[in-house]
Number of protein chains: 2
Amino acid sequence: MPPNVGRAVESAVDHRKGPRRRGEELENAILTATLEELAEVGYAALTMDRVASRARTSKAALYRRWSGRAELVLDACKLRAFPDGGLPDTGALRTDVIALLRRMSTHMASPFGSILRGLLAEMTSDPDFARLIRDRVHTAGPVTIRALLQRAVERGEVEPWILGSRRATVATDLLRNEFLLFGAPVDDGIITDIVDSVYLPLVLRPAPGPTGDAEH
Amino acid sequence: MPPNVGRAVESAVDHRKGPRRRGEELENAILTATLEELAEVGYAALTMDRVASRARTSKAALYRRWSGRAELVLDACKLRAFPDGGLPDTGALRTDVIALLRRMSTHMASPFGSILRGLLAEMTSDPDFARLIRDRVHTAGPVTIRALLQRAVERGEVEPWILGSRRATVATDLLRNEFLLFGAPVDDGIITDIVDSVYLPLVLRPAPGPTGDAEH
DNA sequence: ACACTTAAAGAACGGTCAGTTCTCTAATAC
DNA sequence: GTATTAGAGAACTGACCGTTCTTTAAGTGT
């Protein structure tokens, strides 16, 4: 019945007395711990137990907020987004794009790279979750390069229809592919090769399209 | 000692007596069981226990041959390669490439797609293993498209230098990117978009006007 | 100030799976 | 034949996941 009324001789070490965090404060501590774990051991080796103990909380507190590792990491990446550093603005499309790809490359060489791989693998299961990952993780590249293109259009370097074409994001798409296959950081020669022998010929002025291909 | 001195009251059911497979026969059975498991539950849910019991063998036999799940799956994919079906040969580069991308798309919609994702995620750890994956899994696309290009060069559709350029594999690179981000099968409109608005403008003869693409 | 409600800390548990290591014994080599 | 190799099967350690329980601090309402 009420077994241990009295005294609890046990529990020599029980710091439930310490200032107990709640709500947002605790949540922030958990997300911070998650990012630290990601930086130290990467996504694949991140465990809920480790995050909980690093944040000096309990797994129960984690599972009350997130349904699993992937959701937790996703939120950690979302709120404390990795530094973006503003748009490159060198005055010419070529150097702008090279600067962007270089930045993406170093970004992928950070723990973020392993997160990317891990989340990509987990997209197999849930389509809704897959959409979430796509939206939160894979939009940075395309959004940024479209902004660079927009300025190039205003300078007259690029024809406006390119913005709505699949050509627009080829540079970041190829960089992502390169990273996934060969790892990061992506060699600088490869970056300039992507830009000079593929991307610029596709988007720069005199580049002709086959038929009227402004769709998507 | 008499072989079956009546000991061991235990072991009511012990079929170690059945024809015990060895060497290559057993290995084939294991690889077959691996492929069946892959087809049924996908890469993420594949476990060594299940493979062992499906092959009616023991985990010890698996670990004597492979150091883990990834190596096993890699070998299973390598030996009993998924059907290639020969090179598309339609007489024109455009239709050849579209046929190739379609085939790759359906391939990625098979269990092979989940294998791809899983292996990609495991490349984080070991660089040697990463190379192995790249070589065994991601060569099919590029190798095939180079063969298509080679024939296009012989027909005069494409200039020879393209074969050694990064442009050569852009179609398969973009398809892989599309699959990883959006899943398979890849919509047919996207495939033709990749080919018509990106790939062909990059590789076809000089300045491919929509009407007369000069072959002389 | 008080009782009441919420939720954090911590521990334990059941379950799954990875890898390892036993024993026993069939298949093979010598 | 005898000796060696290696497969079958089971047990076992250890990691991790996700859940649940108890105890108790932090808020909430009156």
Side-chain angles (χ1 to χ4, degrees), chain A residues 1-31 33-34 37 41-73 118 122 125, chain B residues 1-31 33-34 37 41-73 118 122 125:
Chain A
M1 305 242 347
N4 45 26
V5 69
R7 58 261 278 20
V9 194
E10 275 241 0
S11 73
V13 188
D14 198 345
H15 21 40
R16 310 182 201 185
K17 29 234 19 194
R20 197 183 277 184
R21 297 154 300 177
R22 285 174 90 95
E24 201 160 329
E25 183 191 358
L26 178 59
E27 191 160 321
N28 278 339
I30 294 174
L31 292 174
T34 304
E37 279 295 305
V41 305
Y43 178 80
L46 179 139
T47 71
M48 300 300 261
D49 291 82
R50 286 178 60 87
V51 169
S53 86
R54 168 166 231 144
R56 292 188 320 285
T57 182
S58 66
K59 281 197 297 176
L62 268 63
Y63 282 104
R64 199 172 300 125
R65 292 174 169 77
W66 299 276
S67 69
R69 188 173 65 141
E71 280 82 357
L72 170 61
V73 169
E122 303 211 38
S125 44
Chain B
M1 313 323 109
N4 66 352
V5 71
R7 37 165 350 351
V9 195
E10 275 217 352
S11 72
V13 188
D14 196 346
H15 19 39
R16 311 182 200 182
K17 30 239 7 202
R20 195 183 278 184
R21 298 156 300 178
R22 285 174 91 95
E24 201 159 327
E25 183 189 0
L26 178 59
E27 191 161 321
N28 278 341
I30 295 174
L31 292 174
T34 304
E37 279 294 307
V41 304
Y43 178 80
L46 178 138
T47 71
M48 298 302 260
D49 291 83
R50 286 177 60 88
V51 169
S53 87
R54 180 186 279 258
R56 292 191 319 285
T57 182
S58 65
K59 281 198 296 176
L62 268 62
Y63 281 105
R64 199 172 300 125
R65 293 174 168 76
W66 298 276
S67 70
R69 189 172 66 141
E71 281 83 357
L72 170 61
V73 170
E122 303 211 39
S125 44

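Every chain is numbered from 1, with letters handed out A, B, ... down the list of sequences.
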On DNA chain C, more 5' by nearest nucleotide between A/Pro19 and B/Arg64 is A/Pro19
Within this structure, what is the [atom1]-to-[atom2] distance between [X] and [N], rounded to whole angstrom?
X       : N      : atom1 : atom2 : result
A/Arg56 : C/dA9  : CZ    : P     : 9 Å
B/Leu62 : D/dA6  : CG    : C1'   : 14 Å
A/Glu27 : D/dA26 : CD    : P     : 19 Å
B/Arg20 : C/dA26 : CZ    : C1'   : 4 Å
A/Glu24 : D/dA26 : CD    : P     : 18 Å
B/Leu72 : C/dA18 : CG    : P     : 11 Å

Report, one pair per line, the protein and nucleotides 13-18 of chain D atoms (nitrogen or oxygen only) whose separation is under 3.5 Å.
unit_1, atom_1, unit_2, atom_2, d
D/dC17, OP1, A/Met48, N, 3.4
D/dC17, OP2, A/Met48, N, 3.1
D/dC17, OP2, A/Asp49, OD1, 3.2
D/dG18, OP2, A/Tyr63, OH, 2.7
D/dG18, N7, A/Lys59, NZ, 2.7
D/dG18, O6, A/Lys59, NZ, 2.7

Heavy atoms only: give me the nearest [X]-[Y] pair and the separation to one decimal.
X       : Y       : value
A/Lys59 : A/Ala52 : N-CB, 3.8 Å
A/Met48 : A/Gly68 : CE-C, 3.9 Å
A/Val51 : A/Ala33 : O-CB, 4.0 Å
A/Glu37 : A/Arg54 : OE2-NH1, 2.5 Å

Check whether any side-chain N or O of A/Arg65 sits under 4.0 Å from OP1 or OP2 of C/dA8, and answer yes or no.
yes
Can you tell me if the side-chain N/O atoms of B/Arg21 get under 4.0 Å from OP1 or OP2 in C/dA26?
no
Does the B/Arg69 side chain pair with the main chain of B/Ala44, one donor and one acceptor, at a distance under 3.5 Å?
yes
Nucleotides 3-6 of chain C: which of its N/O atoms have a protein N/O under 3.5 Å away?
unit_1, atom_1, unit_2, atom_2, d
C/dT6, O2, A/Arg22, NH2, 3.0

Can you tell me how far the OG atom of A/Ser67 sits from the CG atom of A/Leu62, to the nearest 0.5 Å?
11.5 Å
Are the side chains of B/Leu31 and B/Leu72 in touch, meaning some heavy atoms are under 4.5 Å apart?
yes
